[in-house]
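Report on one structure; see the data block that follows.
Bear in mind the structure is a predicted one, so any value in this text is a computation, not a measurement. By convention in this document, chain letters (A, B, ...) are assigned in the order of the sequence lines, proteins followed by strands, and residues within each chain are numbered from 1.
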Amino acid sequence: MKYNFQKIEKKWQARWQDEKTYEPDFDTAKAPFYNLMMFPYPSAEGLHIGGVRTFTGVDVYGRFKRMQGFNVFEPIGLDGFGINSENYALKIGEHPATLSKKTEKNFYRQLEEIGNGFAWEEKLETYDPEYYKWTQWIFIQMFKRGLAYRKKASVNWCPKCLTVLADEQVVSGQCERCSTKVIKKNLEQWFFKITDYAERLLSGLDVIDWSENIKTAQRHWIGKSEGARIRFFLVDVPGQEDKKHFVDIFTTRPDTLYGATFIAVSPELAKFWMDVGWQVSDEVRAYVMKCLETPTPAGVGAPTKTSGEKTGIFSGISAVNSINNEKIPVWISDYVLSGYGTGAIMAVPAHDERDFEFARKYDLPIKKVVEGEGDVFTGDGKLINSGKFEGLSSQDAKEKIVTHVGGEQKIQYRLRDWLISRQRYWGPPIPMIWCDKCDKWMPEREENLPVRLPDVKEFRPTGTDKSPLANIPEFYKTTCPECGGEARRETDVSDTFLDSAWYYLRYLDPKNTKEFVSPERANKWLPVSMYIGGSEHAVLHLLYVRFVSMALHDMNFLSFAKDSGGEPITCFRSHGLIVKDGAKMSKSKGNVVSPDEYIRVYGADSVRMYLAFLAPLEDGGDFNDTGIRGITRFLARVWQYFENKNNTDKHDAETENYAQKTIRKVSGDIEQLKYNTAISSLMQLLSQLEEAPSARASYALLKMLAPLAPHLAEEIWREVLKNESSIHRTSWPEAKAIAEDLTFTLVIQINGKMRDSVETEIDINEKDAAILALSREKIKTQLAGKTPKKIIFVPRRLINIVV
RNA sequence: GCCGCGGUGGCGGAACGGUUUACGCAGAGGACUUAAAAUCCUUGACCCGAAAGGGUUUGUGGGUUCGAAUCCCACCCGCGGCACCA
């Protein structure tokens, strides 16, 4: 009988749900294993083939762990809030709320059809008020703890789309959608104080088992620098001659202080000086204003400048380098970042590439103070031209010089605070209230949560600095939680990355109306055992998840993983990216490969296995479907093998031994997410079984196949082999002792090149092997009478004759 | 520019100090069939040779080693991330 996958796959998907095959018992589980995949944001075009590869890849691992005896929890949900979804809604002119209902349905259909062992009863969507109620609650806790605060900040603004853009939507200074030059706008924004956690986020990386590339990216993003803050007193400040002014700079190279030939300050700092009344020339004023208007793309927190031609202008002010009382000019330049350090630097052109470039351009002095090669020497070395510090090494000089000039040792991080507010519609309203009378921001009362996102017609960005919610008095008009007077709600919504920073917690307890998660469940199931997702989230989502968990720990809302300071994820692996024709799949490029047609034609099992067979899960690659028939042939052969009942009654010692080796290999491969080689081993085992059928080996094959082809394996297990309960609840075959091989193939090399091979007994010693090798006809011919100089013998492998 | 990953048959990929190309796809030849599909069997890098056999080959060039795709150095190319962080 032919295997009818269409009917059979549907049947088992329904029965697994009925039988709750993949629902863990949260409270009694003895060996919890939290198998998490990054939940998708439901785009309108549906799941693409790369997503299917990731999700089924994660599922293979989860099913493997379940069969190894773990109580696996593998939840699924949708990250449906956010600008991506909203932009698409805007484009097609449909309301995000109605659109999300459609995409939700389509996504869940697809996610069911791929045959994953999801715990469907715990599914969640971030736009569900029962979910974002707790997103808002977390915001409030952050506020109460002083981790959420307001400050003025530049945001990215697209003048054509009339909206702010997320940092990720600014591509080299232009709007991702319309390529209009993005400008900066100075708005008051909500921030999360992630910088308070810089050190913990950094040191935690040492104890978690995450893909190395992700850890490196995070270390770099946090960017710890050890240096010093040094004060320079200013002279010639126009209009301020009677007062004593100074500028503080941050440097990692205080040892080069003697080489400082000018001070450079950011345009923002210069603007501040102007604002407090320092008089500057018209040219300087014009330069500063021009810099501040120039668009700049942004990082995670406050915006930073991009590279490019450095410009600058002499401010008219000078500074005194207190180590040698030298008077040096203060320049204003766009190469100095305002959001890092103090927004001012001491420039040492002889020992810093950027300062050198600037000094060259404006013809400023270059003074060498460290011995070393080249025009610009950025390494450490022996100090020269440095007064009494002459001759010291850079290392020794650093501390001494800082002390000498009364500077302060300072650790500086690159990390900026997390800008959390968005002037958009499709997100959780930030649950804060401003009261004029009380003159402060207050959180909404927790019993009033959620602050519902109103269902309004006009959801498009307003073109002002405000969210569309600011046009809806029924929304923003409210009463003050403290004085009861008239008050106004915050009309911004929060960043979608806040939704996804805690979803793994809610999965454990999605129907809990009293708490965001019950402490018992959190303690039992966390940290997440295995998390698999894309490396594009290396420094966004994957940093926020850690930060929010640590913050919730500090507020005593969570208490798992105390040893690691509240690291939420033990193990993270990033999957490779599947591209099509060399490009990332996207609707605009028209290269999105949909899984639907493949599943219809070949079935979910074939699609799952084919995608797994392409390459290791952690590798990516270009998608093509030329090889899928190899998998369907294999599955058809498996089906045929088991349909022949005789095969499961027989016994063959050699096959059994072979199966043991396969079990070892496949178990190891799956553990390392190398499903491609696992499948290859299963194919070889099947060939062996077809030659010499054997009962136990047959079962081992079927069980090892179960995570990869769950429907087919279940059909054979229950309908053909007549087992009562699911194969997915059975245990993984155990590798028994392997019968020792009695012989092996001895490879015979001459000068490292293989010339011959011979089957011989496994324990042959060097002497016998040499005699055997030298007696071979081929070898005699090759040697042509030459005598071996040396013999290298590797037991059970080869013999190398050196002449 | 910096960081990370990678470069192996016509293709996806194995091997990660010891027989390069496991497994699969595509190709070629054959069997079955009236025919096709499906299935099964054989074959499978390049060059020289009728054959036996020999030589070459893991991006390029060096090095270490009895032996290198694998380790080291330099370079070239591709992909991803970060980009004036003082």
Legend entry - Interatomic distance at C1', B:G12 relative to B:G27, whole Å: 16 Å

Inset, instruction - Can you tell me the distance, in whole Å, between the CZ atom of A:Arg414 and the C1' atom of B:G81? - result: 11 Å

Inset, instruction - For residues A:Trp210 and A:Tyr531, establish whether the separation of their ring centroids is below 6.0 Å. - result: no

Inset, instruction - Could you pick out which residue, A:Lys790 or A:Arg253, lies toward the 5' side of RNA chain B when each is mapped onto its nearest nucleotide? - result: A:Lys790

Inset, instruction - May I have the distance from A:Phe623 (atom CZ) to B:C25 (atom C1'), rounded to whole angstrom? - result: 13 Å

Legend entry - Whole-angstrom distance between B:C32 and B:C79, as gauged at atom C1': 48 Å

Legend entry - Distance below 4.0 Å between A:Ser535 side-chain N/O and B:G4 OP1 or OP2: no

Inset, instruction - Using whole Å, report how far NZ of A:Lys580 lies from P of B:C11. - result: 16 Å

Legend entry - A:Trp331 and A:Tyr362 aromatic centres sub-6.0 Å: yes

Legend entry - Positions of residues 624-637 of chain A (non-hydrogen atom under 4.0 Å from RNA chain B), listed by number: A:Thr626, A:Gly627, A:Arg629, A:Gly630, A:Arg633, A:Arg637

Inset, instruction - Rounded off to whole Å, could you give me the NZ-to-P distance for the A:Lys310 and B:A86 pair? - result: 14 Å

Legend entry - Nucleotide forming a Watson-Crick or wobble pair with B:G49, both distances under 3.5 Å: none

Inset, instruction - Rounded off to whole Å, could you give me the CG-to-P distance for the A:Leu337 and B:A83 pair? - result: 11 Å

Legend entry - Most 5' of A:His220 and A:Tyr413 on RNA chain B, judged by nearest nucleotide: A:His220

Inset, instruction - Output the single nucleotide from B:C84, B:G18, B:C23 whose closest atom is nearest the side chain of A:Ile792. - result: B:G18

Legend entry - Between A:Tyr413 and A:Tyr340, ring centroids under 6.0 Å: no

Inset, instruction - Check for a donor-acceptor pair, side chain of A:Arg253 on one end and backbone N or O of A:Thr378 on the other, with a separation under 3.5 Å. - result: yes

Inset, instruction - Round to the nearest Å and state the distance from A:Lys674 atom NZ to B:A14 atom P. - result: 7 Å

Legend entry - Whole-angstrom distance between B:A52 and B:U57, as gauged at atom C1': 23 Å

Inset, instruction - Taking atom P in both B:U70 and B:G7, compute the distance separating them and give it to the nearest angstrom. - result: 11 Å

Inset, instruction - Using a cut-off of 6.0 Å, state whether more than 12 heavy atoms not belonging to A:Glu671 lie near its atom CD. - result: yes

Legend entry - Of the listed nucleotides B:G13, B:G18, B:A86, the one nearest the side chain of A:Ala615: B:G13

Inset, instruction - Could you check which of B:G53, B:A14, B:A86 has an atom nearest any side-chain atom of A:Asn676? - result: B:A14

Inset, instruction - Check whether NZ of the Lys or CZ of the Arg A:Arg231 lies under 6.0 Å from the centre of the six-membered ring of A:Phe246 and within 45 degrees of that ring's axis. - result: yes

Legend entry - Of the listed nucleotides B:A86, B:C66, B:G13, the one nearest the side chain of A:Asp352: B:A86

Inset, instruction - Using atom types as modelled and distance alone, determine if a side-chain donor or acceptor of A:Asp255 lies under 3.5 Å from a backbone N or O of A:Ala397. - result: no

Legend entry - A:Val802 side chain, from C-beta outward: closest of B:A86, B:C82, B:C66: B:C66

Inset, instruction - Would you tell me if any nitrogen or oxygen in the side chain of A:Gln782 comes within less than 4.0 Å of OP1 or OP2 on B:G54? - result: yes

Legend entry - Counter-base of B:C5, judged by Watson-Crick or G-U geometry with both distances under 3.5 Å: B:G78

Legend entry - Anti/syn call for B:G17, syn if |chi| within 90°: anti

Legend entry - Separation between CD1 of A:Ile49 and OG1 of A:Thr54, rounded to the nearest 0.5 Å: 10.5 Å

Inset, instruction - Kindly say whether, by distance alone, the side chain of A:Gln749 makes a donor-acceptor pair under 3.5 Å with the base of B:G18? - result: yes

Legend entry - Interatomic distance at C1', B:C71 relative to B:G81, whole Å: 28 Å

Inset, instruction - For nucleotides B:C73 and B:G80, find the distance between their P atoms and express it as a whole number of Å. - result: 26 Å

Legend entry - B:C76 versus B:U60 - spacing of their C1' atoms, nearest Å: 7 Å

Legend entry - Minimum-distance nucleotide to A:Thr677 side chain [options: B:A86, B:G18, B:A15]: B:A15

Inset, instruction - Indicate, with a heavy-atom threshold strictly under 4.0 Å, whether A:Lys789 touches base, sugar-phosphate, or nothing. - result: nothing

Legend entry - Selection from B:G54, B:A14, B:G67 that lies nearest to any side-chain heavy atom of A:Arg755: B:G54

Legend entry - Under 3.5 Å: donor-acceptor pair, side chain of A:Ser681, backbone of A:Lys665: no

Inset, instruction - Can you figure out which of B:G67, B:U19, B:A86 approaches the side chain of A:Val747 most closely? - result: B:U19

Inset, instruction - Please state whether the phosphate of B:A86, meaning OP1 or OP2, lies under 4.0 angstrom from any side-chain nitrogen or oxygen of A:Tyr335. - result: no

Inset, instruction - Taking atom P in both B:G61 and B:G9, compute the distance separating them and give it to the nearest angstrom. - result: 15 Å

Legend entry - Strand partner of B:A36, provided both Watson-Crick or wobble distances fall under 3.5 Å: none

Inset, instruction - Rounded to the nearest angstrom, tell me the gap between atom OH in A:Tyr340 and atom P in B:A86. - result: 4 Å

Legend entry - Interatomic spacing from OG1 in A:Thr195 to CD1 in A:Ile222 - rounded to 0.5 Å: 11.5 Å

Legend entry - Interatomic distance, A:Leu577 CG vs B:C5 P [rounded to whole Å]: 18 Å

Legend entry - Sugar-phosphate, base or nothing in reach of A:Gly620, heavy atoms under 4.0 Å: sugar-phosphate

